[in-house]
Amino acid sequence: KEINEILVLMDTENDEIEKKIEAFDFIPIFEETWKLFRFFITNNQLSFFSDLPEHLNVQMNKVSAKIIIHNLLSNATKYAKEDSEIVFEIEADNQDYFEIICTNETTIENIQRMRNSEQLFNAIENEGGYSSGNGLYLLRELSEFIGGSYQFNIEDENVVIRIRLPYNQDYKGRDKA
């Protein structure tokens, strides 16, 4: 289902995406998406902590929001060290933008794999086989496409991905598709 939503979104013209912007609470979208990863979190003996506002009303393309959350959680659960923790925070104290911060502890090898995955179609070998390697690339591109930003930082053995998104997605006056 997620792949089909991504493909439909990628095949959609800017004007069509603009028509699909809707008002919704971002928090239930997060809660619905993170439930998909509970098995992986438990199976890898990870701890998961979230710090979220009770409600976060936004106006954007809902599929974009789901894809961003899904890729953040997918990356964190895939690369987290066993017996470590994942921290997922949403800071909503800015008037125009909110920030999603996802932090997880990982290995030096995984950090290199993630750095390699910031380019499109860069298949990455991992313990379970191969990953398409497009998760971080898609996070960056989609965040920028809807008027936000993406940062990938390494702090010791922690990966910190910070996504900044507008409360109200607006395409007017934007050059980049």
| field | Asn158 vs Asn104, side chain to side chain contact (heavy atoms under 4.5 Å, CB included): CA-CA, chis, key distance, verdict | value | CA-CA 5 Å; Asn158 288 311; Asn104 65 283; over 6 Å; no
Which atom of [X] lies closest to which atom of [Y], heavy atoms considered:
| X | Y | result |
| --- | --- | --- |
| His70 | Leu36 | CD2-CD1, 4.2 Å |
| Ser84 | Glu105 | OG-O, 3.8 Å |
| Asn110 | Tyr79 | ND2-O, 3.3 Å |
| Ile29 | Lys66 | CG2-CG, 3.6 Å |

| Cluster link Leu136 to Val160, ILVMFWY, side chain under 4.5 Å |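 Looking at the clustering, Val160 is in a separate group from Leu136.
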| query | Going only through I, L, V, M, F, W and Y residues with side-chain contacts under 4.5 Å, is there a path from Leu73 to Ile27? | reply |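 Same hydrophobic cluster.
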Working to the nearest 0.5 angstrom, can you tell me the gap between [X] [atom1] and [Y] [atom2]?
| X | Y | atom1 | atom2 | result |
| --- | --- | --- | --- | --- |
| Tyr137 | Asn71 | OH | CG | 13.0 Å |
| His55 | Phe26 | NE2 | CZ | 15.0 Å |
| Ile69 | Trp34 | CD1 | CH2 | 13.0 Å |
| Leu72 | Ile161 | CG | CD1 | 5.5 Å |
| Asp156 | Thr106 | CG | OG1 | 13.0 Å |
| Ile146 | Asn61 | CD1 | CG | 7.5 Å |

| request: Please work out whether the ring planes of Phe37 and Phe40 are parallel, tilted or perpendicular, with thresholds of 30° and 60°. | output: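 Because their plane-to-plane angle lies in the 30° to 60° range, the rings of Phe37 and Phe40 count as tilted.
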| message | Tell me whether Thr77 contacts the main-chain N or O of Ser74 through its side chain, where contact means a donor paired with an acceptor under 3.5 Å. | response |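 Side chain of Thr77 to backbone of Ser74, a donor-acceptor pair under 3.5 Å: yes, one is there.
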| said: Keeping Ser143 on the side-chain end and Ile163 on the backbone end, is there a donor-acceptor pair under 3.5 Å? | reply: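 No, because the side chain of Ser143 does not come within donor-acceptor range (under 3.5 Å) of the backbone of Ile163.
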| Going through the checks in order, is the side chain to side chain contact (heavy atoms under 4.5 Å, CB included) test met by Lys81 and Thr107? | CA-CA 7 Å; Lys81 274 186 182 176; Thr107 64; 3.9 Å; yes
For residues 85-100, run the donor-acceptor check on the side chains, cut-off 3.5 Å, and write out each pair with its distance to 0.1 Å, sequence neighbours left out.
from  : atom 1 : to     : atom 2 : distance (Å)
Asn94 : OD1    : Asp96  : N      : 2.7
Asn94 : OD1    : Tyr97  : N      : 3.2
Glu99 : OE1    : Arg162 : NH1    : 2.8

| message | The criterion is side-chain contact (heavy atoms from CB on, under 4.5 Å); which residues satisfy it with Asn57, sequence neighbours excluded? | response |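 For Asn57 the side-chain contact (heavy atoms from CB on, under 4.5 Å) partners, ignoring immediate neighbours, are Asp25.
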Name each donor-acceptor pair under 3.5 Å that joins a side chain in residues 45-52 to protein atoms two or more places apart or in another chain, with its distance.
none

| task | Please test Leu142 against Ile68 for side chain to side chain contact (heavy atoms under 4.5 Å, CB included), starting from the C-alpha separation and ending with a verdict. | result | CA-CA 7 Å; Leu142 190 53; Ile68 287 170; 3.8 Å; yes
